[in-house]
Amino acid sequence: MKNCGAGNVDLTPFNSPWWLPGGHLQTIGPALFPPRRVALARERWDTPDGDFIDVDFCGEPGAAKQLVLFHGLEGGSDSHYARAIAAHAIERGWRLALPHFRGCSGEINRTRRAYHSGDSEEIDWVLRRLGGPLHALGVSLGGNALLKWLGERGEKARALVRRAAAVSAPLDLAAAGDALDRGLNRILYTRHFLATLKPKSLAKLEVFPDLYDRQRVQGARSFREFDNLVTAPLHGFRDTEHYWASAAAGPYLEHIRVPTLVLNARNDPFLPEQALLRAAQKAAPSVVLEFPRTGGHAGFTSGPFPGRHTWLPRHLFDFLDS
């Protein structure tokens with residue numbers, strides 16, 4: 001593993017198995033055959049603005065090393081990658097905290113806001129509540145928000161985080177949003193995400209009837225439409241373009257001072273390869289870029305059918321523990 005500057009992207013030795021060809025299967029396959037759950041203990045934390053988040057824990061409370069995992073869009077502690085990382089944390093003797101973004105733990109949150117890809121304010125509050133220094137990991141949306149926080153804080157982030165890693169972070173949100181709203185991606189992924197995002201948003205109207213137009217939200221068929229109607233106005237952005245440009249982590253990579261691994265497969269259906277390479281061009285020397293040819297979005301399954309979920313957590317912990 002080495003540091004990679006602009007135009008010099010390291011290729012990790014990861015290769016997807018022969019029986020799992022293409023970015024779509026490498027993305028969907030791990031979710032169809034997830035690893036077993038581990039025992040988790042849940043705590044509810046009240047936020048300063050009168051809301052709450054639920055945080056799941058595993059591992060010994062007095063463990064010498066602590067990791068916080070920020071999940072992806074509509075994910076949580078039951079996501080396949082979270083299960084795998086939790087099992088590996090226990091195996092290594094680490095304490096793992098898995099905070100759920102607002103509305104992602106099975107209960108609608110109390111306030112008008114929800115969560116979004118650039119939610120570094122929430123990342124900051126969680127990290128300070130946990131106390132540092134610790135290790136931090138984010139997957140997909142959670143990885144983008146974590147990278148943005150690391151870039152915003154620069155050298156000051158070292159007081160809370162020793163080392164960090166982001167997996168399949170959509171560094172260019174505009175490119176990712178456009179990719180997800182086209183063709184097969186729209187059928188496989190956007191429709192899947194909207195199937196939970198829209199009901200949650202409509203449920204909020206029972207408490208806050210002035211938030212947005214119910215019929216327009218019900219009719220949204222793309223991320224661009226949904227973010228324009230819901231995500232952007234809920235979180236202070238003018239529109240979708242303003243949200244995607246402001247929340248993308250790519251421009252913050254050059255300001256990161258904490259040793260950080262950025263792991264993205266080049267065949268990730270959520271982010272075109274050229275957009276990935278362009279977004280990472282100015283990464284700081286403290287950022288290690290690993291862009292393997294295969295792996296899909298937060299997949300990285302290895303071994304014979306139906307696949308093992310061990311490569312990703314082992315690789316991440318090897319970096320965090322180095």
Side-chain angles (χ1 to χ4, degrees), residues 40-59 61 63 65-79 81-83 85-86 89 94-170 200 231 234-236 246-247 249 252 256-262 298 316-317 320:
L40 299 169
R42 175 161 292 188
E43 294 182 7
R44 175 157 291 187
W45 292 357
D46 290 323
T47 64
D49 61 349
D51 211 335
F52 71 91
I53 63 167
D54 289 324
V55 186
D56 288 344
F57 290 90
C58 67
K65 293 184 178 179
Q66 182 176 205
L67 172 66
V68 57
L69 167 60
F70 297 101
H71 63 78
L73 180 65
E74 293 298 273
S77 57
D78 203 38
S79 298
Y81 54 82
R83 292 190 191 186
I85 291 166
W94 287 47
R95 175 75 163 168
L96 174 67
L98 201 156
H100 292 81
F101 288 110
R102 303 189 194 201
C104 290
S105 60
E107 185 177 334
I108 298 296
N109 62 306
R110 300 172 188 147
T111 60
R112 301 170 73 93
R113 65 160 290 172
Y115 70 102
H116 62 90
S117 295
D119 208 351
S120 53
E121 179 181 343
E122 195 85 321
I123 300 289
D124 187 67
W125 182 77
V126 169
L127 291 173
R128 292 183 186 282
R129 172 70 184 260
L130 286 167
L134 44 70
H135 298 77
L137 168 61
V139 177
S140 194
L141 176 149
N144 186 86
L146 175 61
L147 291 173
K148 181 172 176 281
W149 178 86
L150 288 165
E152 287 173 341
R153 271 59 179 185
E155 192 68 34
K156 293 180 180 178
R158 289 177 174 270
L160 290 172
V161 175
R162 286 194 175 99
R163 295 175 80 84
V167 179
S168 301
K200 286 181 183 179
T231 313
L234 274 189
H235 303 102
S246 302
Y252 292 91
I256 293 176
R257 297 298 177 263
V258 170
T260 300
L261 170 66
V262 176
L316 294 171
F317 275 84
L320 295 171

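Below, each value reflects all heavy atoms present in this structure, side chains not excepted, and no hydrogens, waters or symmetry copies. Nothing here was measured: the structure is a model prediction, and the numbers come from that model.
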**Complete:** So CG of Asn109 and CD1 of Ile53: to nearest 0.5 Å the spacing works out to 11.0 Å
**Message:** Quick one, Arg153 and Leu160 - any side-chain contact, counting heavy atoms below 4.5 Å?
**Reply:** no
**Fill in**
For residues 143-167, the ring-ring contact (aromatic ring centres under 6.0 Å, His included) pairs (sequence neighbours left out) are none
**Message:** To check you understand the geometry: which heavy-atom pair defines the closest contact between Ala82 and Gly76, and what is its length?
**Reply:** CB-O, 3.4 Å
**Item:** Heavy-atom closest contact (Thr260 atom, Leu150 atom, distance)
**Value:** OG1-CD1, 3.7 Å
**Message:** If you define the side chain from C-beta out and look only at heavy atoms, does anything of Leu67 sit under 4.5 Å from Ile85?
**Reply:** yes
**Request:** Please name the pair of heavy atoms, one in Leu320 and one in Ala136, separated by the smallest distance, quoted to 0.1 Å.
**Result:** CD2-O, 4.3 Å
**Request:** Would you confirm whether Asp124, through its side chain, and Arg128, through its main-chain N or O, come within 3.5 Å as a donor-acceptor pair?
**Result:** no
**Asked** Who passes side chain to side chain contact (heavy atoms under 4.5 Å, CB included) against Ser77, sequence neighbours left out?
**Response** Leu40, Arg42, Asp56, Leu98, His100
**Message:** Working to the nearest 0.5 angstrom, can you tell me the gap between His116 NE2 and Ser246 OG?
**Reply:** 9.5 Å
**Request:** Assign the ring pair Phe317 / Trp94 to parallel, tilted or perpendicular, where the plane angle (0 to 90°) is split at 30° and 60°.
**Result:** perpendicular
**Prompt:** Relative to each other, are the rings of Tyr115 and His71 parallel, tilted or perpendicular (30° and 60° limits)?
**Reply:** perpendicular
**Message:** Nearest 0.5 Å, please: how far is CG in Leu69 from CG in Leu137?
**Reply:** 5.0 Å
**Message:** Can you tell me how far apart CG (Leu134) and NZ (Lys65) are? Round to the nearest 0.5 Å.
**Reply:** 13.0 Å
**Asked** Can you name the nearest heavy-atom pair linking Leu147 to Ala169, along with the distance?
**Response** CD1-CB, 4.0 Å
**Flag side-chain contact, heavy atom, 4.5 Å: Ser79 against Glu74** = no
**Message:** Are the side chains of Arg129 and Val55 in contact, using a 4.5 Å heavy-atom criterion?
**Reply:** no
**Request:** Take Asp54 and Phe52 through the side chain to side chain contact (heavy atoms under 4.5 Å, CB included) test and state the conclusion after the steps.
**Result:** CA-CA 7 Å; Asp54 289 324; Phe52 71 91; 3.8 Å; yes
**Request:** Could you tell me whether a side-chain N or O of Arg158 sits under 3.5 Å from a main-chain N or O of Val258, the two making a donor and an acceptor?
**Result:** no
**Complete:** Sorted by chain and residue number, the side-chain hydrogen bond (donor to acceptor under 3.5 Å, both in side chains) partners of Arg162 (sequence neighbours excluded) come out as none
**Prompt:** Salt-bridged, Glu107 to Arg44, with N to O below 4.0 Å?
**Reply:** yes
**Complete:** Nearest heavy-atom contact between Ser140 and Pro170 is O-CD, 3.4 Å
**Prompt:** Of all heavy-atom pairs between Gly75 and Tyr81, which one has the smallest distance, and what is that distance?
**Reply:** CA-OH, 4.2 Å
**Message:** Within this structure, what is the CD1-CG distance for the pair Ile123 and Asn144, rounded to the nearest 0.5 Å?
**Reply:** 9.5 Å
**Prompt:** Under 3.5 Å, is there a donor-acceptor pair between the side chain of Asp51 and the main chain of Arg110?
**Reply:** yes
**Request:** Pick out which of Arg102, Arg113, Lys148 makes a salt bridge (charged side-chain N to carboxylate O under 4.0 Å, His left out) with Asp119.
**Result:** Arg113
**Request:** First locate atom CG of Leu130, then atom CH2 of Trp45, and finally report the distance between them rounded to the nearest 0.5 Å.
**Result:** 4.0 Å
